[in-house]
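Below: one structure, written as structure tokens.
Counting starts at 1 for both ligands and their atoms, following the listed order.
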Amino acid sequence: MTTLTFDSLNPATGTVVGSHPKQGQEAVHAAVGRAQEAAAWWAGLGAAERRRRLLDYKAVITQNLRQLATLVHEETGKPVGDATLEIVLAITHIDWAARNAAKVLGRRRVSPGMVGLNLAATLEYLPLGVVGVIGPWNYPVFTPMGSIAYALAAGNAVVFKPSELTPGVGVRLAELFAESVPEHPVLQTVTGLGETGAALAGDPRVKKIAFTGSTATAKRVMAACAQNLTPIVAECGGKDAFIVDADADLKAAADACLWGALSNAGQTCVGVERVYVVDAVYEPFMRELAERARTVKAGQDYGPITMPGQMDIIRRHIDEATKSGKVVTGGPESVRAPFVDPVIVEDVPEDSPAVREETFGPTITVRRTRDAREALELANASAYGLAGTIFSRNTRRAMELARLMRSGMTAINSVISFAGVPALPFGGVGDSGFGRIHGADGLREFARPKAISRQRFAMPGMNLTSFSRGADELERLIRLVTFLHGRRKR
Ligand code: NDP
């Protein structure tokens, strides 16, 4: 007999946190049907009222911050402090999306150009309708909210499928939203396993899917979406590099590197996984890094590995790395499920799985490079391209390296700092996915541009889109276009 519910467990203790329905195709389709009606109502509410409701939702989440952080802690195992931090970040994103939606998406006039002198041209961004959000477990509030808040602010209804590991958090986010918007189910959560997400992606009434998870699952979701030409925005993780240049503040770099690699037990899509240090400062940087790493402990400074299946990947990467490289901290014995203590290995070959594949654990590989250029080349030689970090006191040089880094985001002299700036778009290239959440790009991701050209008066002697057009009108057009565009620049 198939079970109709599933449990979410505390990964640190194995105790049951909550039980949730496995919602199949029928239930998902019913939710999408309700969302369609809610979407029409929400879009009709207008930007000003949507802004008010979303700012109220922000306040409701803030008032429930402690309770929500406890639930995140229970379902993911991460310390309550870290859960609080991710919720605070999500709050700033709801605030930004609410306050900026009208400005970014609202109707504006654009120049019609010389040939269209008799036209008034307007551009605005209209809601798509129903948006499906398929979320991960590593940041169960911050990550999906990067899509949910922006999709809602753009005037869409959202059906959210949280990871099967964090369904309780997903359910709570929709319950809290209903306090601010009780009239219609503008934000609904559907719970279940992979099939629930597949049903959402396969529903032709869903006008966009925002997916966060693995590259392999993103391909499956895309294949389902292809049936209906449903567009998707895909955030699929990374193998982010951390570059330490010769003039870096080494204490600050070591501190940031460790936090970027170990916080949330390394289960961060933009976490530090590969470290490249220029030869001139290699030894002093490694001394700092190793000294600090000795003071960090799993189960004390960060939580357990949330997804049991991840343990095998982490163990394999550590085994491969320690076989071919030189251990700085930890080793295979650091894996004591569900916890993994910090593991740092140097001189691991660049073709090792520990350097090529996403580990999603508290481990880093470190390599000495001739200079920052070589570090950048190695950093860029990855199928992924989500984010990265550069430490250097030379702002101009750091900016240049950041621009050349093949990634969607780069932090300079800090880690992951871009995620806390709501105005900055978030997303990657290559195997890290495509499309953007956050910022103005994130709002536009969940809207369709609507272009309108209105003729204000008939252009005398220039009726070009008519079968009555004469040779003299064409001649005038050629003269005009030659005047406007016919001069060469050299
Ligand atoms: P998945 O990519 O399998 O899952 C992500 C989301 O997609 C979950 O909500 C999942 O539901 C859902 N899903 C699974 N199968 C389908 C499907 N066929 N159609 C639609 N939705 C589906 O990631 P995992 O959680 O299994 O983690 C695997 C790896 O992904 C990790 O090891 C890590 O490397 C990477 N990852 C990256 C993240 C990031 O931030 N970019 C976040 C999480 C993981 P359900 O949970 O119910 O299976």
I need the nearest protein heavy-atom contact for atom 17 (C) of ligand 1: residue, atom name and distance, please.
G194 O, 3.7 Å
For G135, take its heavy atoms, then give the atoms of ligand 1 lying under 4.0 Å from any of them.
6 (C), 8 (C), 9 (O)
Could you list the atoms of ligand 1 found under 4.0 angstrom from a heavy atom of I134?
6 (C), 7 (O), 9 (O), 12 (C), 20 (C), 21 (N)
With the threshold set at 4.0 Å, does a side-chain nitrogen-carboxylate oxygen contact exist between K326 and E346?
yes
Taken to the nearest 0.5 Å, the spacing of K78 NZ from T84 OG1 works out to 10.0 Å
Regarding N10 and T15, is there a side-chain donor-to-acceptor distance under 3.5 Å anywhere?
no
Just by distance, no angles: are the side chains of Y139 and T212 close enough, under 3.5 Å, to form a donor-acceptor pair?
no
Below a 4.0 angstrom heavy-atom separation, can you tell me which part of E195, side chain or backbone, both or neither, approaches ligand 1?
neither
What I want to know is whether G237 and ligand 1 share at least one N or O pair that is separated by under 3.5 angstrom.
yes
Identify, by atom number and element, the atoms of ligand 1 in contact range of G197, meaning under 4.0 Å from any of its heavy atoms.
19 (N), 20 (C), 21 (N)
Among all protein heavy atoms in this structure, tell me which lies nearest to atom 11 (O) of ligand 1, with the distance rounded to 0.1 Å.
K161 NZ, 3.0 Å
Output yes when E357 and R316 qualify as a salt bridge under the 4.0 Å nitrogen-oxygen rule, no when they do not.
yes
For ligand 1, does M307 get within less than 4.0 Å through its side chain, its backbone, both, or neither, judged by non-hydrogen atoms?
side chain
Part of A201 with heavy atoms under 4.0 Å of ligand 1, whether side chain, backbone, both or neither
neither
Does a salt bridge link R172 with E175, judged by any charged N lying under 4.0 Å from a carboxylate O?
yes
For atom 15 (N) of ligand 1, what's the nearest protein heavy atom and its distance?
T217 CG2, 3.5 Å
SB check R292 E288 (cutoff 4.0 Å)
yes
Under 4.0 Å from a heavy atom of L193: which atoms of ligand 1 are those, numbered in the order shown and with their elements?
47 (O)
Any ion pair linking R336 and D341 (charged N to carboxylate O, less than 4.0 Å)?
yes
Ring centres under 6.0 Å, that's the criterion: do Y302 and H73 meet it?
no
So is F211 in contact with ligand 1, going by heavy-atom distances below 4.0 Å?
yes
Any idea which heavy atoms bring A174 and T189 closest together, and the distance?
CB-OG1, 3.4 Å
Residue P136 vicinity, atoms of ligand 1 by number, heavy atom under 4.0 Å:
42 (C), 43 (C)
Enumerate the atoms of ligand 1 whose separation from the nearest heavy atom of N138 is less than 4.0 angstrom.
40 (O), 42 (C)
Hey, is S163 touching ligand 1 through its side chain, its backbone, both or neither, going by heavy atoms under 4.0 Å?
both
Measure the distance from atom 32 (O) of ligand 1 to every protein heavy atom, then report the residue, atom name and distance (to 0.1 Å) of the closest one.
Q310 OE1, 2.3 Å
Heavy-atom pair of closest approach, residues E358 and G238
OE2-N, 3.0 Å
For atom 5 (C) of ligand 1, what is the nearest protein heavy atom, given as residue, atom name and distance?
T212 O, 3.5 Å
Ignoring hydrogens, what is the shortest heavy-atom contact between G132 and V206? Give both atom names and the distance.
N-CG1, 3.6 Å
Distance to 0.1 Å, residue and atom name: give those for the protein heavy atom nearest to atom 25 (O) of ligand 1.
W137 NE1, 2.6 Å
Identify, by atom number and element, the atoms of ligand 1 in contact range of C269, meaning under 4.0 Å from any of its heavy atoms.
39 (C), 40 (O), 41 (N)
Is the shortest side-chain N to carboxylate O distance from E195 to K22 below 4.0 Å?
no
Can you tell me the protein heavy atom closest to atom 34 (O) of ligand 1 and the distance?
E358 OE1, 2.7 Å
Considering heavy atoms of the protein only, find what lies nearest to atom 38 (C) of ligand 1 and give residue, atom and distance to 0.1 Å.
F360 CZ, 3.6 Å
If we number the atoms of ligand 1 from 1 as shown, the ones under 4.0 Å from a heavy atom of G192 are 47 (O)
